[in-house]
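Only one structure is covered here, and it is reproduced in the block below.
To find a chain, count down the sequence lines: A is the first, B the second, and so on, and within it residues start at 1. Predicted, not measured: the structure shown is a model, and the values here were computed from it.
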Amino acid sequence: MEFLQHLQYAFKIGLDPMNLLAAFMGCVFGTLVGVLPGLGPSASIALLLPVTYYFTPVQAIIMLSGIYYGAQYGGSTTSILVNIPGEASSVVTCLDGYQMARKGRAGPALGISAFGSFIGGTVSIIVLMCLAPPLARMALRFGPPEMFSVMFFGFTMIIYLAKGSMIKSLMMAMLGLLFGCIGTDLFGGGIRYTLGIPQLTDGLDMVQVSMGLFGISEVLLILEEEDLGKKDIQRTRMRELLPSRQDWKDSAKPIARASILGSFLGTLPGGGPTISSFISYAIEKRLSKHPERFGTGEIAGVAGPETANNAACGGAFVPLLTLGIPTTVVMAVLLGGFMIKGVTPGPFLITKSPEIFWGVVGSMYFGNVMLLVLNLPLIGIWVRILKIPYAILFSLIFLFCLVGSYILNNNRTDVLIMVTFGVIGYLMKKFEYPAAPLILALILGPQFEKYLGQSLIMGEGSPVIFFSRPISSILLIVAILLLVSPLLLRWGREQRSRLSEESGDDLA
Amino acid sequence: MRDRDIISSALCIVVAILFCAGGLKYGLGSFSRPEPGLYPFILGLIFIGLSMALLFTSLKKKQDAIRERFFPPREKAYRLVLSLVFLYAYGMAMDQLGYVVTTFFFLVGVLRFVGLQKWKTVLTTSFLATLFSFLLFVTLLKSQLPKGPLGI
């Protein structure tokens with residue numbers, strides 16, 4: 001009964017005309033972002049954050065959320081038609097989707113991708129509705145030590161699952177926490193590390209940092225590497241748009257599995273659309289009666305990953321809305337969006353601002369329907385947009401970043417800081433340091449310090465307080481084990497190879 | 001990658017030392033009564049430790065067999081340098097010249113000298129993009145963007 005009441009409330013807010021319009025704008029822009037390689041949902045949400053000043057909190061969050069799940073739909077279009085993934089979560093779709101397009105089956109590939117995304121998205125919304133209220137109630141019992149430990153655990157997962165070297169990820173997390181110290185100390189009220197720049201008194205704005213790290217740096221890298229000419233888009237005849245009965249039969253189980261997998265993986269820190277799509281592909285290949293067909297145009301290789309990446313979007317909202325913990329970079333940027341609108345996601349969100357929580361949930365239902373309806377007929381338009389040479393497109397991305405950072409506070413210092421972070425982001429990519437831990441740490445840093453300080457005061461200066469409370473101690477122990485596990489594994493491998501050498505010498 | 005790791009870890013050590021120095025300046029206090037500098041000081045120490053670990057592991061590695069170029073070749077490097085010049089110039093000039101003029105000339109600059117587009121494309125795209133962004137940000141969204149000496 002409670003579930004139905006919540007659903008009714010969610011639909012009531014979601015059906016508000018202005019909220020529907022916000023969802024529509026988010027979905028369209030998200031799809032466009034997904035179609036265009038190079039501009040991901042993180043950068044796009046960051047670019048649109050200044051624009052949301054003119055919306056109410058509910059409308060703003062609905063629009064930004066729409067960009068997130070809309071981008072997953074759009075990413076599959078270029079993967080299938082051009083063999084260029086629009087988003088990281090659509091990389092796997094290239095493997096079989098493009099092969100289907102080459103065989104003249106782009107229509108069913110796009111169709112099953114859209115339907116699978118819709119089903120996955122819907123299942124994840126139901127998971128969100130079922131999990132979020134009880135999790136929020138449990139989280140009400142969390143004190144500062146538990147909140148600190150949850151954040152620590154979240155950082156650890158992001159670091160553990162980040163690409164490349166773990167030590168570099170840890171370093172970037174530290175740097176992000178240090179950047180978070182710039183400005184006014186929340187605890188003591190002192191001003192730190194502002195270098196005499198008055199605009200830094202309130203700290204670094206994550207909009208400037210995100211636009212610089214993701215938007216500007218990405219463009220700089222592309223300018224360095226590519227020829228900026230027109231992209232060769234393979235013209236593919238779309239004989240039919242809707243999947244056949246056999247396509248549905250082959251896709252039904254992958255879609256069902258991927259919906260559940262993605263929804264739950266999305267709730268985990270470090271999980272999210274990209275990892276969900278990869279794991280789904282691996283599972284479908286393992287379970288398939290014809291694994292050798294994967295990579296040659298197998299529809300299950302499209303249905304599974306595309307369903308999983310959309311399901312993960314809904315799942316990712318669970319920890320964000322109930323605990324205030326973002327589990328991916330995009331969620332971290334979205335958290336910034338909440339804060340700009342004066343909304344604090346966490347255990348009190350459902351009780352103090354139910355219209356925001358249920359508004360997001362309701363709009364996701366309608367957003368998914370809009371995306372399903374939009375994507376198939378508008379494919380021709382998205383393909384035309386892809387034909388805009390990057391030599392022109394990059395200047396528009398620059399312009400959007402510049403104006404977006406200026407209108408935050410009508411201050412040119414913000415623009416200069418944003419460009420500087422663009423240079424930092426470019427150097428980070430060249431030196432192979434991941435940006436995700438940095439941005440997450442920057443956003444959560446002030447809260448992290450606050451909970452640490454409060455916990456130490458509660459424990460009279462002793463860190464034992466973190467291990468004297470069960471939830472906090474479990475989270476911290478798991479996090480510490482994850483951090484030291486690579487060292488332990490390496491030590492184990494060295495021991496094993498030494499033992500096998502010794503036994504080899506004995507035999508000799 | 002070895003050389004890049006050595007350079008980047010050394011840079012990180014310098015940054016961490018600066019943060020630690022700042023922390024000392026703001027005062028450390030104690031764990032039960034922390035002052036503003038304690039938290040960044042501890043973070044800085046951890047950052048130094050991690051950077052040194054990376055530095056030492058990189059120094060122990062053998063020199064890379066194939067050394068990849070760090071900076072792009074000259075014909076691509078100029079695009080980066082010019083882009084940054086235009087980006088910073090935009091930030092500096094907007095308050096003086098106004099949004100419309102700065103935006104138009106910025107687009108002309110990047111499209112012509114970085115994107116290497118023909119003048120017809122440069123002028124058309126710059127004009128349309130400036131107009132569209134003006135309508136979006138100023139007319140529709142009522143953003144307070146600066147006006148220059150020409151009143152626009």
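- Heavy-atom neighbours of chain A within the stretch residues 98-109 of chain B, taken at a separation under 4.5 angstrom, comprise Y99(B), T103(B), F106(B), L107(B).
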| Residues V403(A), F134(B); criterion side-chain contact (heavy atoms from CB on, under 4.5 Å); working and verdict | CA-CA 10 Å; V403(A) 180; F134(B) 182 85; over 6 Å; no
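- Of the candidates T125(B), V122(B), V110(B), I392(A) forms a side chain to side chain contact (heavy atoms under 4.5 Å, CB included) with just one, namely T125(B).
- Considering all non-hydrogen atoms of both residues, M92(B) and R412(A) come closest at O-NH1, 3.1 Å.
- Looking at I7(B), the atoms closer than 4.5 Å to chain A (heavy atoms on both sides) all sit in the side chain, from C-beta outward.
- Scanning all heavy atoms of the two residues, the minimum distance from I167(A) to L50(B) falls at CD1-O, 3.6 Å.
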| field | Test side-chain contact (heavy atoms from CB on, under 4.5 Å) applied to M418(A) and L87(B), step by step | value | CA-CA 10 Å; M418(A) 192 267 304; L87(B) 286 165; 5.8 Å; no
| side-chain contact (heavy atoms from CB on, under 4.5 Å) between V423(A) and Y88(B), intermediate numbers included | CA-CA 11 Å; V423(A) 175; Y88(B) 277 113; 4.2 Å; yes
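- Note on ring orientation: taking the six-membered ring where Trp is involved, the planes of Y193(A) and Y26(B) are perpendicular (angle over 60°, cut-offs 30° and 60°).
- Minimum interatomic distance between P40(B) and R192(A) (heavy atoms only, all atoms of both residues): CD-NH1, 3.7 Å.
- For L128(B), the side chain to side chain contact (heavy atoms under 4.5 Å, CB included) partners two or more places apart in sequence, or in a different chain, are T124(B).
- Proximity to chain B involves both the backbone and the side chain of T420(A), based on heavy atoms less than 4.5 angstrom apart.
- Shortest non-hydrogen contact noted between G44(B) and L178(A) is N-CD2, 4.1 Å.
- Note on L177(A), I457(A), V415(A): by heavy-atom pairs under 4.5 Å with chain B, the leading option is L177(A).
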| field | Trace of the side-chain contact (heavy atoms from CB on, under 4.5 Å) decision for C12(B) with L175(A) | value | CA-CA 9 Å; C12(B) 287; L175(A) 188 60; 5.9 Å; no
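- If you take CG on N411(A) and CE on M94(B), they are separated by 10.0 Å, rounding to the nearest 0.5 Å.
- Of all heavy-atom pairs between Y433(A) and S8(B), the closest is OH-OG, 2.7 Å.
- Of the atoms belonging to Y39(B), it is side-chain heavy atoms, and not backbone ones, that fall under 4.5 Å from chain A.
- Across G49(B), S51(B), G27(B), the residue that shares the most heavy-atom pairs under 4.5 angstrom with chain A is S51(B).
- The part of E460(A) that comes within reach of chain B is its backbone (N, CA, C, O), which places non-hydrogen atoms under 4.5 angstrom from that chain.
- The greatest number of non-hydrogen atom pairs below 4.5 Å with chain B, out of D414(A), L456(A), L416(A), is found for L416(A).
- With a threshold of 4.5 angstrom between heavy atoms, L452(A) approaches chain B through side-chain atoms but not through N, CA, C or O.
- Neither the backbone nor the side chain of S126(B) comes within less than 4.5 Å of any heavy atom in chain A.
- When all heavy atoms are compared, the tightest approach of L399(A) to A129(B) is CD2-O, 4.4 Å.
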